[in-house]
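In what follows, every chain begins at residue 1, and chains take the letters A, B, ... in the order their sequences are listed.
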Amino acid sequence: MYDIRELYQQLIIDHSKNPKNFTVLKDANRSANGDNPLCGDKVTIYLKLEDDVIQDISFQGSGCAISKASTSIMTTSLKGKTVEEFQTFFDIFHQMVTTGKTDSIVLGKLAVLSGVHQYPVRVKCATLAWHTVKNALEDGIRKIATTE
Amino acid sequence: MLKTVKNSVKNDSNFIDVEKVRRDFPLLQNHYNGRPIAFLDNAATTQKPQVVLDKLNEFYTQYNANVHRAIYHIGEQATREYEDARKKVSDFINAPDPSTIIFTRGATEAINLVAYSWGRHNLSPGDEILITEMEHHSNIIPWQLAVKDTGATLRYIPLHLPVDGTLDLQSLEVNLTNRTKLVAIVHQSNVFGTINPVKKIIKAAQSVGALVLLDSAQSVPHSKVDVQALDCDFLVFSGHKMMGPSGVGVLYAKETLLNSMEPFMGGGEMISTVSMEYSTWNDIPWKFEAGTPNIAQAIGLGAAVDYLNELNMESIHAHENELMDYASDMLKNTPRVILYGNGSKRGAIISFNVEGIHPHDLAQILDQDGIAVRAGHHCAQPIMKRLNVPATTRASFYVYNTKDEIDRLCEGIEKAINLLC
């Protein structure tokens with residue numbers, strides 16, 4: 001029997017109730033919207049990108065505990081990271097939530113979301129913000145990401 | 001003395017022995033995480049009794065053959081069973097003749113059939129189709145596509161505000177004019193459970209010469225529906241929501257309409273004669289059933305109709321009303337629960353949210369205790385917009401559900417509150 005507490009760990013509940021960087025970033029030079037049509041989750045990512053480094057990042061939106069916590073923890077992890085480092089993070093995170101294979105040294109706190117791989121329907125909740133950051137970085141103009 | 005006997009017979013027919021009913025459903029014998037499965041998502045689909053599964057097996061093991069073609073005996077038997085199923089469905093909704101029953105892939109396809117075969121040939125600029133804000137997407141999109149192709153206009157009867165799960169029927173007078181060619185309306189809401197006053201709406205539509213299509217996907221499985229008493233022009237429903245197999249649905253339409261309508265799809269079976277230049281069409285209903293039909297599914301649906309008749313539709317409805325009253329009371333007394341919809345006539349569907357918990361998180365936590373509910377927009381995004389929520393949780397009941405399962409639902413909600421709030 002798989003315990004639901006493996007999925008809803010305290011850190012996830014804390015971030016979903018009190019998300020970090022949950023604000024509009026005034027001096028953002030990149031932003032993108034993400035949309036999960038299946039459950040109506042919406043997220044807007046704001047980025048301040050300078051010389052390929054994510055100087056600052058924030059988000060707004062509404063969603064389930066998994067999507068909110070994933071977005072919140074992601075923002076705390078990406079500050080100061082280069083675009084290339086983001087890509088590495090993205091790949092390792094995606095692998096974790098789809099297969100359960102965790103590289104906790106690289107992922108740090110994000111490893112708390114490894115339980116998601118047990119629930120394939122929830123992978124989209126956990127990855128929506130990541131896809132949205134990718135879109136914001138790729139072309140900088142507002143773009144709708146979906147997890148479809 | 002006679003009166004007493006009659007009463008006792010009536011009482012018996014109203015009684016559903018739910019434990020006995022449950023034994024007819026193999027899936028309900030399963031456990032998940034050590035708990036029996038509480039299937040509370042019957043507005044999405046329903047479980048199948050053994051008699052339906054046996055019927056599918058019987059078809060494939062004893063008389064699997066194509067229908068209306070074969071000269072050999074199993075082909076004849078397949079045809080007989082397929083047409084018997086049509087007769088059973090016809091009787092079930094009191095259609096005047098089995099030829100007015102078209103087997104489709106589902107309720108969605110049945111609406112699309114009308115939108116193409118009737119809509120594309122009868123609508124022109126200036127004409128209006130009237131639907132409601134309460135519709136499932138399957139009764140919105142086909143009409144949006146039809147007006148795009150024909151230049152007709154799509155109008156809506158809005159939800160009553162503040163939202164109580166009913167329609168703003170006062171707007172009927174404004175919206176229903178001699179430009180209205182069709183009123184397409186949901187019989188019972190898949191979000192609120194509201195049973196709309198369709199008889200009144202049909203009368204009003206007839207007074208301006210408009211046709212009426214009823215989306216009865218949520219009503220036919222749960223109560224006695226009589227197409228002749230309603231006097232609707234089209235009525236659609238799906239087989240899998242009434243214990244039948246997936247992949248079969250039904251369009252009922254008045255005979256004169258079916259005879260005047262163009263075919264939906266072209267192919268085998270639906271023709272009378274074919275030359276390289278032109279073809280003529282088969283009689284109804286076969287004119288609308290191109291290609292090899294969903295034979296096994298239709299025969300399975302016939303078995304489901306037999307099963308429902310045996311339980312008695314009035315008894316099913318009474319059992320569900322009791323469950324619905326109980327669920328409403330229990331959920332009202334569960335902390336943080338916000339209920340949506342309180343129309344006076346409702347089927348066994350209840351939509352709600354738990355303050356501070358997203359429906360997906362709630363459904364996930366309930367699932368751990370073997371409780372299956374739906375979380376999402378229920379293919380009714382205009383309603384979600386009116387409720388100003390991204391999604392709701394929905395519990396929907398059928399004849400095999402119990403009060404104990406509702407208790408478990410409420411316990412599960414409290415567990416989710418303890419975990420997440």
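Both the backbone and the side chain of B/Gln364 have a heavy atom closer than 4.5 Å to some heavy atom of chain A. Using a 4.5 Å cut-off between heavy atoms, A/Ile66 touches chain B through backbone and side chain atoms alike.
Annotation: A/Asp51, atom CG; neighbour count of heavy atoms from other residues, nucleotides and ligands within 6.0 Å does not exceed 12. Counting non-hydrogen atoms of other residues, nucleotides and ligands closer than 6.0 Å to CZ of A/Arg5 gives a total of 12 or fewer. In the displayed structure, B/Arg22 atom CZ is contacted under 6.0 Å by more than 12 heavy atoms of other residues, nucleotides or ligands. Under a cut-off of 6.0 angstrom, the local environment of CD in A/Glu50 is crowded, with over 12 non-hydrogen atoms contributed by other residues, nucleotides or ligands. More than 12 heavy atoms of other shown residues, nucleotides or ligands fall within 6.0 angstrom of atom NZ in A/Lys79.
At a threshold of 4.0 Å, the pair B/Asp361-A/Arg122 counts as salt-bridged, since one of the basic side-chain nitrogens sits closer than that to a carboxylate oxygen.
Rounding to the nearest 0.5 angstrom, the gap separating the NE2 atom in B/His360 from the OH atom in A/Tyr119 is 15.0 Å. Going from atom CG of B/Asp369 over to atom CD1 of A/Ile4 covers 9.0 Å, rounded to the nearest 0.5 Å.
Of all the listed residues (A/Ser67, A/Cys64, A/Ser62), the one sharing the greatest number of non-hydrogen pairs under 4.5 Å with chain B is A/Cys64.
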Steps toward side chain to side chain contact (heavy atoms under 4.5 Å, CB included) verdict (A/Asp41, B/His358)
CA-CA 10 Å; A/Asp41 287 354; B/His358 191 282; 3.2 Å; yes
